[in-house]
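To start, the structure itself, in structure tokens.
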Amino acid sequence: MLGSESEAEAEAEAEVEVGKAEAAPIKVVQKQQHHFVLVHGLGGGGWCWYKVRCLMENSGYKVSCIDLKSSGIDPTSADSVLTFDDYNKPLIDFISSLPDHHQVILVGHSAGGLSITQAIHKFRGKIRLAVYIAATMLRLGFWTHQDFQDGVPDLSSFGDVLELGFGLGDKQPPTSAIVKKEFQRKIIYQLSPPEVTTLAAMLLRPGPLMALQSAQFTAENDAIEEVRRVYIKTTRDNVVKPQQQDAMIQRWPPSAVYVLDSDHSPFFSSPFLLFGLLVKAAASID
């Protein structure tokens, strides 16, 4: 009998303690929402990312897709964009407008690698991670013959495939370039669904070739190395060849290299796999 009374008292005290615990405020520590900023390649636009953006936003990520100068819905003619600073101004203005404490994950595709590299030089405190997708990854841009050899696509094996613009006159170097429509699928989107490449052929615009080739950055110290970088290599790429990607990776080694069995446009041909790698990259900095 006494044992039963003791047990009852103990149970009552336990209930009181549980009640106190339930009444106490619960502190929930919530991680900062990742903010991805996606940057297209030459001739593309924010529209390139529509599949990946849908997957990311449905998974709770914040996503911004940038239209660089003369790209996407920006009305500027590529032949009038002659400097890299002018071309990349939309991205630089966007990051500059963010609060000082706000950090983003920068993602650059193809020539968009140059855009995010310049952003690293200017805003390393606002960048948590930089992801290069089949991208030109040159620490200081184009300064040497090796830089051009590694970072500029060589499409000569496909024949006369480029349509060039000469905004400064026929006797001056070309100011813009676009792959001719009849070659776009074979070179850029060979593993992508036909309906996507039809859409891309309707939206792709000439890119400011002269502006891109003038991309040169200066670094007074190694502070840009504070920004973690990830490279996503595309093994069946006809634009930035795998061996070019390997050369840039070797010259400026990133923190990690992921591999996709993809053409040059994994956001079209392998959107789910690309999304998974972007999430994996983001998880690596948590």
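Heavy atoms only: backbone and side chains are in, while hydrogens, waters and symmetry mates are out.
- Using the six-membered ring where Trp is involved, Tyr61 and Phe36 have ring planes that are perpendicular, over 60° apart on the 30 and 60° scheme.
- Around NZ of Lys181, the count of heavy atoms belonging to other residues, nucleotides or ligands within 6.0 Å exceeds 12.
- Under a hydrophobic clustering in which Ile, Leu, Val, Met, Phe, Trp and Tyr are joined whenever their side-chain heavy atoms come within less than 4.5 Å, directly or via other members, Val152 and Leu82 fall into different clusters.
- Listed for the Trp252 side chain is no donor-acceptor partner under 3.5 Å among the backbone atoms of Ile249.
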Salt bridge (Lys or Arg N to Asp or Glu O under 4.0 Å) assessment of Asp246 paired with Lys241: CA-CA 9 Å; Asp246 287 337; Lys241 306 291 195 304; over 6 Å; no
What do the steps show when you test Leu106 against Val131 for side-chain contact (heavy atoms from CB on, under 4.5 Å), and what is the final call? CA-CA 6 Å; Leu106 274 184; Val131 182; over 6 Å; no
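- Looking at heavy atoms from C-beta onward, Ser71 lies out of side-chain contact with Ile66 at the 4.5 angstrom threshold.
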Would Ser192 and Ser265 count as a side chain to side chain donor-acceptor pair (under 3.5 Å) if you check the C-alpha gap in whole Å, the side-chain angles of each, and the deciding distance to 0.1 Å? CA-CA 8 Å; Ser192 302; Ser265 304; 5.3 Å; no
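- Side-chain atoms of Phe84 and Ser115, non-hydrogen and from C-beta on, do get closer than 4.5 Å to each other.
- The backbone N or O of Phe142 sits less than 3.5 Å from a side-chain atom of Gln216, completing a donor-acceptor pair.
- By the criterion of side-chain heavy atoms lying less than 4.5 angstrom apart, applied directly or through intervening Ile, Leu, Val, Met, Phe, Trp or Tyr residues, Val179 is not grouped with Met210; the two fall into different hydrophobic clusters.
- For the pair Arg205 (side chain) and Gly72 (backbone), a donor-acceptor distance under 3.5 Å is present.
- Pro206 is not listed as a side-chain neighbour of Glu163, based on a closest heavy-atom distance of 4.5 Å or more.
- When the side chains of ILVMFWY residues are joined at heavy-atom separations under 4.5 Å, either directly or via intervening members, Val196 and Met202 end up in two distinct hydrophobic clusters.
- Geometric assessment of Lys280 against the ring of Tyr258 yields a positive cation-pi assignment under the 6.0 Å and 45° thresholds.
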Kindly indicate, with the supporting measurements, whether the criterion salt bridge (Lys or Arg N to Asp or Glu O under 4.0 Å) is fulfilled by Glu225 and Arg229. CA-CA 9 Å; Glu225 305 300 339; Arg229 287 174 293 110; 3.8 Å; yes
Determine whether Asp67 and His40 satisfy the following criterion, side chain to side chain donor-acceptor pair (under 3.5 Å), listing intermediate values before the conclusion. CA-CA 8 Å; Asp67 280 335; His40 60 83; 4.8 Å; no
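- Separation of atoms CE (Met56) and CG (Leu274) is listed at 8.5 Å; rounding is to 0.5 Å.
- Atom CG of Leu38 sits about 10.5 Å away from atom CD1 of Ile116, to the nearest 0.5 Å.
- The minimum heavy-atom distance linking Ala119 with Leu91 is given by the pair CB-CD2, 4.3 Å.
- Remark: Asp93 CG is packed, more than 12 non-hydrogen atoms of other residues, nucleotides or ligands lying under 6.0 Å away.
- Side chains of Val104 and His34 form no contact here, defined as non-hydrogen atoms less than 4.5 Å apart.
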The test is side-chain contact (heavy atoms from CB on, under 4.5 Å); show your working for Val161 and Ile187 and say whether it passes. CA-CA 9 Å; Val161 300; Ile187 296 174; 4.0 Å; yes
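- The main-chain N or O of Gly60 is found under 3.5 Å from a side-chain atom of Gln33 such that the two form a donor-acceptor pair.
- To the nearest 0.5 angstrom, Asp74 atom CG is 6.5 Å from Lys69 atom NZ.
- With hydrogens and angles disregarded, a donor-acceptor distance shorter than 3.5 Å links the side chain of His121 to the backbone of Arg139.
- Of all heavy-atom pairs spanning Ala78 and Ser176, the tightest one is CB-CB, 3.9 Å.
- Counting heavy atoms from C-beta outward, Asp154 and Phe148 have side chains that stay 4.5 Å or more apart.
- Checked by atom type and distance alone, the side chain of Gln244 pairs as donor or acceptor with a backbone atom of Gln149 at under 3.5 Å.
- For the pair Pro271 and Leu55, the tightest heavy-atom approach, listed with the atom from each and the gap, is O-CD1, 3.7 Å.
- No donor-acceptor pair under 3.5 Å is formed between the side chain of Ser269 and the backbone N or O of Leu191.
- A ring-centre distance under 6.0 Å is not found for Phe158 and Phe183.
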Tell me, with the steps shown, if Ile178 and Leu162 meet side-chain contact (heavy atoms from CB on, under 4.5 Å). CA-CA 6 Å; Ile178 185 172; Leu162 291 180; over 6 Å; no
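- Side-chain atoms of Gln243 never come within 3.5 Å of backbone atoms of Asp150 as a donor-acceptor pair (strictly under, hydrogens ignored).
- Listed here is the closest heavy atom pair of Ser70 and Val81: CB-CG2, 4.0 Å.
- For the pair Arg53 and Trp47, the NZ or CZ position fails the cation-pi test of under 6.0 Å to the six-membered ring centre and within 45 degrees of the ring normal.
- Both Ile285 and Val63 are assigned to one and the same hydrophobic cluster, defined by single-linkage of ILVMFWY side chains at heavy-atom distances under 4.5 Å.
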Go through the steps for Thr234 and Gln245 under the test side chain to side chain donor-acceptor pair (under 3.5 Å), then give the verdict. CA-CA 8 Å; Thr234 45; Gln245 298 179 48; 3.2 Å; yes
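- A centroid separation of less than 6.0 Å is found between the aromatic rings of His109 and Phe267.
- Listed here is the closest heavy atom pair of Pro193 and Phe268: CD-O, 3.5 Å.
- Pairing each heavy atom of Tyr87 with each of Pro208, the nearest pair is CD1-CG, 3.3 Å.
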Begin with the C-alpha distance, continue with both residues' side-chain angles, and end with the deciding distance and a verdict on side chain to side chain donor-acceptor pair (under 3.5 Å) for Thr83 and Asp86. CA-CA 5 Å; Thr83 68; Asp86 189 23; 4.9 Å; no
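- Side chains of Gln118 and Asn88: a donor-acceptor N/O pair is present below 3.5 angstrom, by distance only.
- Arg185 places no side-chain N or O within donor-acceptor distance of the main-chain N or O of Thr197, the cut-off being under 3.5 Å.
- Inter-residue side-chain proximity for Gln103 and Leu129 is flagged as unmet; no heavy-atom pair is nearer than 4.5 Å.
- Using a 4.5 Å heavy-atom threshold, the side chains of Leu98 and Lys126 count as touching.
- Annotation: the span from Glu226 atom CD to Ile127 atom CD1 amounts to 11.5 Å, rounded to 0.5 Å.
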Apply the test side-chain contact (heavy atoms from CB on, under 4.5 Å) to residues Ser110 and Val240: give CA-CA distance (whole Å), side-chain angles for both, the deciding distance (0.1 Å), then the verdict. CA-CA 7 Å; Ser110 195; Val240 183; 4.3 Å; yes
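- Note on Ile120: it does not cluster hydrophobically with Leu140, by side-chain heavy-atom contacts below 4.5 Å among ILVMFWY residues.
- Leu155 contributes atom CG, which lies 8.0 Å from atom CD1 of Ile188 (distance to the nearest 0.5 angstrom).
- Atom CD1 of residue Ile92 and atom CG of residue Asp85 lie 8.0 Å apart, to the nearest 0.5 angstrom.
- Side-chain contact between Asp263 and Asn238 is absent, with no heavy-atom pair separated by less than 4.5 Å.
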